[in-house]
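In what follows, a structure is listed as structure tokens, so that the remarks can point back to it.
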Protein chains: 2
Amino acid sequence: MIKDKFADAVATPPPADGEADIGAINEILGFHIRLAHGACLRHFTETFTDLDLTQKQVSVLWLVDDHPGIAQTDLAQRLRMDRATTMAIINRLQAKHFLRRDRSDKDGRKQALFLEPAGVAMLARAKQAIGEHEAWVKSRFSDKEVKLLIDLLSRIHE
Amino acid sequence: MIKDKFADAVATPPPADGEADIGAINEILGFHIRLAHGACLRHFTETFTDLDLTQKQVSVLWLVDDHPGIAQTDLAQRLRMDRATTMAIINRLQAKHFLRRDRSDKDGRKQALFLEPAGVAMLARAKQAIGEHEAWVKSRFSDKEVKLLIDLLSRIHE
DNA sequence: CGGGAATTGTAAGTCTTGCTAACAAATAGG
DNA sequence: CCTATTTGTTAGCAAGACTTACAATTCCCG
């Protein structure tokens with residue numbers, strides 16, 4: 001019942017000459033990106049209610065696991081976040097004892113991030129949940145289409 | 001400098017056997033959707049700093065213009081929001097005198113939404129800004145690819 | 001070598017979005 | 001007529017993104 005789509009809410013009165021301006025909102029690429037992202041986020045959140053993790057938090061765990069000792073700034077760049085936002089996320093993960101900050105030896109300004117055992121365990125569960133989530137998203141596409149979609153999206157975020 | 005991408009932040013130590021679990025994070029479709037959305041949102045926000053409007057606000061103005069007298073619930077369905085979130089957005093737009101609420105004649109529970117003159121004017125400016133924003137997004141694609149991408153994304157949000 | 005510039009992390013505060021829970025008013029349906 | 005549903009509303013909470021400011025560290029040029 002969340003998807004009756006266009007039950008033309010109202011008598012959709014004469015747009016006069018209307019629509020001539022820029023086209024319908026459904027032709028706006030950005031509009032579809034936002035809706036698709038919203039749908040993804042909703043499903044992700046459902047999938048992760050038990051684990052109590054957000055997309056960003058999982059991404060951070062994942063990257064810290066892939067790059068032990070990574071600095072907050074590097075994380076921020078990879079996930080396109082600013083330092084302040086990164087702080088907030090790291091703080092939450094640290095509060096849950098999923099990772100720790102070690103002052104870097106080589107550069108006293110940097111914090112080297114490492115997963116704690118609890119973080120390793122949680123990431124394992126998270127990757128499994130991501131598998132389910134991905135299956136849900138990909139169920140609409142052929143393997144070829146998935147590759148294509150990733151290629152197209154990559155051009156947007158570089 | 002926001003896009004140096006993979007300046008391998010850290011010595012990317014041996015992942016042991018690693019990567020065998022579920023694949024690299026870059027192969028996760030949801031990950032690319034989030035990054036693409038983030039990039040879009042950032043550019044949108046820049047484009048709209050002068051107008052001081054968010055994506056959601058523009059979408060609402062647009063839909064109210066397309067469907068004068070639309071109810072908040074209908075708006076919520078079309079933009080996949082809940083009632084409470086819709087309230088907050090409508091409140092902000094009403095505070096700026098971009099639209100008004102009229103109690104519906106036919107159904108006393110519903111609020112019929114209409115653009116105020118200031119809203120019509122703002123929407124006109126917004127559509128122009130969206131044109132620029134869309135041009136930025138679409139500059140990476142051929143017309144054919146844009147159509148394809150919209151089709152693929154539509155399958156996700158239905 | 002010294003000192004200003006840049007980098008990195010941190011803290012505090014704001015705004016938007018998204019959610020839940022609870023409640024009131026209106027309508028729908030038996 | 002009475003109950004269930006729909007719709008709007010309010011209040012409160014959390015996450016994310018952003019700004020500004022500040023301290024510590026490192027870089028680099030003169």
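Hydrogens, waters and symmetry mates are skipped; everything else that's a heavy atom, side chains included, is used. On a predicted model such as this, the values are computed, not experimentally measured, just so you know. Quick note on labels: first sequence line is chain A, next is B, and so on, each numbered from 1.
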For A/Asp82 and D/dT20, what is the distance between atoms CG and P respectively, to the nearest whole Å? 12 Å

Is it the case that atom CZ in B/Arg140 sees more than 12 heavy atoms from other parts of the structure closer than 6.0 Å? yes

Atom pair distance, as rounded to whole Å: CG in A/Leu79 and C1' in D/dA17: 14 Å

Do B/Arg100 side-chain atoms and B/His97 backbone N/O form a donor-acceptor pair below 3.5 Å? no

Using only side-chain N and O atoms of B/Gln72, determine if any of them is under 4.0 Å from OP1 or OP2 of D/dT6. no

Checking side-chain polar atoms at under 3.5 Å, does A/Thr85 have a donor or acceptor matched by the opposite partner on A/Asp82? yes

For B/Asp107, which contact category applies under a 4.0 Å heavy-atom criterion: base, sugar-phosphate, or nothing? sugar-phosphate

Counting heavy atoms from C-beta on, name the nucleotide in D/dG16, D/dT7, C/dA6 closest to the side chain of B/Arg109. D/dT7

Would you say A/Thr54 places a side-chain N or O within less than 4.0 Å of OP1 or OP2 belonging to D/dG16? yes

B/Leu53 and B/Phe44: CA distance, side-chain angles, deciding distance, side chain to side chain contact (heavy atoms under 4.5 Å, CB included) verdict: CA-CA 10 Å; B/Leu53 285 175; B/Phe44 186 103; 5.8 Å; no

Over all atoms of both residues, closest heavy-atom pair of B/Val64 and B/Leu113: CG1-O, 3.7 Å

With sugar-phosphate meaning primed atoms plus P, OP1 and OP2, does B/Leu41 contact a base, only sugar-phosphate, or nothing at under 4.0 Å between heavy atoms? nothing

Is there a side-chain polar atom (N or O) of B/Thr85 under 4.0 Å from OP1 or OP2 of C/dT16? no

Just the table, please: protein N/O against nucleotides 11-14 of chain D N/O, every pair under 3.5 Å.
none

Check this one for me: any side-chain N or O of B/Arg101 less than 4.0 Å away from OP1 or OP2 of D/dG8? no

What is the distance, to the nearest angstrom, from the CG atom on A/Leu75 to the C1' atom on D/dG16? 16 Å

Is the shortest side-chain N/O distance from B/Thr73 to OP1 or OP2 of D/dG8 below 4.0 Å? yes

Spacing between A/Asp105 atom CG and D/dA24 atom P, to the nearest angstrom: 20 Å

Looking at the side chain of A/Met87, which of C/dT8, C/dA11, C/dC19 is the nearest nucleotide? C/dA11

Return whichever of A/Gln57 or A/Gly108 has its heavy-atom-nearest nucleotide of DNA chain D closer to the 5' end. A/Gln57

Whole-Å distance separating the CG atom of B/Leu113 from the C1' atom of D/dT7: 12 Å

When rounded to whole Å, the CG to C1' distance for the pair A/Leu53 and D/dA15 reads 13 Å

Contacts of A/Lys147 meeting salt bridge (charged side-chain N to carboxylate O under 4.0 Å, His left out) (sequence neighbours excluded), chain-then-number -> none

B/Lys56 side chain N/O closer than 4.0 Å to the phosphate oxygens (OP1, OP2) of C/dG18? yes

For A/Ile90 and D/dG16, give me the distance from atom CD1 to atom C1', rounded to whole Å. 14 Å

Any side-chain heavy atom of A/Asp74 sitting closer than 4.5 Å to one from A/His67? no

If only atom types and distance count, is the side chain of A/Glu134 paired as donor or acceptor with the main-chain N or O of B/Gly30 below 3.5 Å? yes

OP1, OP2 of C/dT17 versus side-chain N and O of B/Gln55: anything below 4.0 Å? no

Check the distance between D/dT9's P and B/Met81's CE and give it to me in whole angstrom. 13 Å

